[in-house]
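Here the structure is laid out as structure tokens; the discussion comes afterwards.
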Amino acid sequence: MTARDMEAEQSYHRERTNAISNHVLGGGLVCGLGTTISETDRRGLEATIEPGLAVDRQGQLMVVPSNGPYRLKERDGGDTDPEEPCHADGKDIYVFLEYRECHVESVPIPDGADGCEERCCHNRIVETFDVVYSEQAPTDYKTVPSVTFPAKEKLTKHGGSAREHHEALTQMARSYYDEHSEDCDGEPFSVYLGHFEKDSGSEWERDPTPDLRSFLYTNDMLYAIIASHVTDFDDPHEIDALKSIHTVSNPNGNVDLNSPNDTLSIAPDQNAKQVNIDVKGDYVTRVEYERLERRVRELEKQVEHVLEECCDDDIVIEKQADSKQQRSERQQSASGDKEE
């Protein structure tokens, strides 16, 4: 094998891996990479970055092995001296990671067109990164495409056919593809680390709002989201759904309404999304009859009480009449004795 063959092999595998990483895994921050900015007259702008990983939009993996500090370069700065300290003109800067390859270890190659001419090439590629800044806010930050969910009626357990069920389950993927995945052209993409502002004391502070950093959605992250959602039985969507009726709940179904003495009529109306509850007509008649019956008993008690009081008054009157007659007789008897 010649050097050209080995270069072709390495290029093939690298491009293949990058394509899978870009279009299957996605790009963004993976872990770490918390950033702070400082500035001195001698060294200019510098970044201290927590060790971590990031993947750009072309699938290039960037590994930050240590905190640094790393000297910042002006993004799209052209042919400026990389060792020249950079100072921002304004009070706002936006910091990025950019993938960079370094070709090292130059060695001679024997496969030149002229057998007597010796050419050299690099036999190692070191994957590294640059920390760059811009005074313009990013415009091509990562977005989350919207996904269209199927109608419930399309699923088989809700009356849909097998074909409708299949189309419903693939509708989410189709809607994502239509919005996001048709264009496979990956553009160079710097991984955004944050927005920094200079305060009155010439210190740089990170502005957390709005946070436009991109994150790579790992399998562990997606599993954690799904597991947290499916095990949350306390209204995870916060729609204030009815959980119980008078402390009676049924997590696996409905709470039935019941009238033990059959005095209420309960009629669910699915179209109107309501349950109609009414008192039955014969129950109203019985209730009215019982009310009148109670009233009659109350009146009877009142009459009995009045009669009892009247009887007591008659006895008193009769006793008073007897007393008057006895006094009259005694008076008459006393008068006859005086005449004699």
Side-chain angles (χ1 to χ4, degrees), residues 18 21-22 25-102 126-146 179-180 183 185-218 221:
N18 292 344
S21 177
N22 176 25
L25 297 179
L29 302 175
V30 180
C31 62
L33 304 184
T35 305
T36 58
I37 300 297
S38 61
E39 184 177 11
T40 62
D41 293 335
R42 185 174 65 86
R43 295 184 58 84
L45 290 167
E46 289 185 326
T48 301
I49 305 176
E50 296 175 358
L53 301 175
V55 179
D56 68 11
R57 192 173 292 175
Q58 287 190 322
Q60 309 281 6
L61 178 66
M62 291 176 284
V63 180
V64 178
S66 63
N67 291 322
Y70 301 96
R71 181 173 295 180
L72 268 70
K73 302 177 182 179
E74 186 175 1
R75 194 180 192 187
D76 301 326
D79 296 330
T80 57
D81 185 358
E83 300 301 324
E84 184 71 19
C86 287
H87 297 276
D89 296 329
K91 293 186 177 181
D92 293 87
I93 61 173
Y94 302 86
V95 182
F96 305 82
L97 277 184
E98 282 190 349
Y99 176 82
R100 180 167 60 89
E101 292 182 351
C102 292
V126 177
E127 296 181 325
T128 183
F129 59 89
D130 288 326
V131 185
V132 300
Y133 76 93
S134 172
E135 297 187 22
Q136 301 296 324
T139 57
D140 57 346
Y141 52 87
K142 186 175 183 179
T143 60
V144 180
S146 60
E179 180 178 346
H180 179 71
D183 184 9
D185 295 331
E187 296 294 332
F189 180 67
S190 301
V191 177
Y192 179 54
L193 296 179
H195 171 215
F196 296 85
E197 294 179 328
K198 184 186 291 187
D199 60 18
S200 58
S202 298
E203 297 292 332
W204 290 94
E205 297 290 338
R206 182 174 179 273
D207 179 15
T209 57
D211 191 351
L212 301 179
R213 292 179 299 168
S214 302
F215 297 91
L216 190 147
Y217 309 134
T218 65
M221 178 197 298

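No experiment lies behind these values; they were computed from the predicted model shown.
Ile37 contributes atom CD1, which lies 11.5 Å from atom NE2 of His195 (distance to the nearest 0.5 angstrom). Interatomic distance, CZ of Arg100 versus CD of Glu127, reported as 12.0 Å (0.5 Å rounding). To the nearest 0.5 Å, the span separating CD1 on Ile93 from CG on Leu72 amounts to 6.0 Å. Expressed to the nearest 0.5 Å, how far CG of Asp207 lies from CG of Asp92 amounts to 8.0 Å. Atom CD of Glu46 is separated from atom CZ of Arg71 by 6.5 Å, given to the nearest 0.5 angstrom.
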**Message:** With side-chain contact (heavy atoms from CB on, under 4.5 Å) as the criterion, how do Gln60 and Val55 come out once you've worked through the C-alpha distance, each side chain's angles and the decisive distance to 0.1 Å?
**Reply:** CA-CA 5 Å; Gln60 309 281 6; Val55 179; over 6 Å; no
**Request:** Evaluate the ring pair (Phe, Tyr, Trp, His ring centres under 6.0 Å) criterion for residues Phe129 and Tyr99: first the C-alpha distance (whole Å), next the side-chain angles of each, then the deciding distance (0.1 Å), finally the verdict.
**Result:** CA-CA 5 Å; Phe129 59 89; Tyr99 176 82; 9.8 Å; no
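No side-chain donor from either of Tyr133 and Glu135 sits under 3.5 Å from a side-chain acceptor of the other.
Nearest approach of Thr35 to Ala47, heavy atoms of both residues: CG2-CB, 4.2 Å.
In this structure, Asn67 and Pro51 have side chains that are in contact, with non-hydrogen atoms separated by less than 4.5 Å. Two residues are said to be in side-chain contact when any heavy atoms from C-beta on lie closer than 4.5 Å; Val95 and Val131 meet this criterion. Counting heavy atoms from C-beta on, the side chains of Thr128 and Val63 never come closer than 4.5 Å. Under the 4.5 Å side-chain criterion, counting only non-hydrogen atoms from C-beta, Glu39 is in contact with Lys198. The side-chain heavy atoms of Trp204 and Leu45, taken from C-beta on, include a pair separated by under 4.5 Å. The side-chain heavy atoms of Leu97 and Leu193, taken from C-beta on, include a pair separated by under 4.5 Å.
Asp130 places no side-chain N or O within 3.5 Å of a backbone atom of Val132 that could act as its donor or acceptor partner. Ser38 contributes no side-chain N or O that, together with a main-chain N or O of Thr36, makes up a donor-acceptor pair within less than 3.5 Å.
For Phe196 and Tyr94, the gap between ring centers reaches or exceeds 6.0 Å.
Within a 6.0 Å sphere centred on CD of Gln136, heavy atoms belonging to other residues, nucleotides or ligands number 12 at most.
Salt-bridge check for Glu98 with Arg75: passed, with a basic side-chain N closer than 4.0 Å to an acidic carboxylate O.
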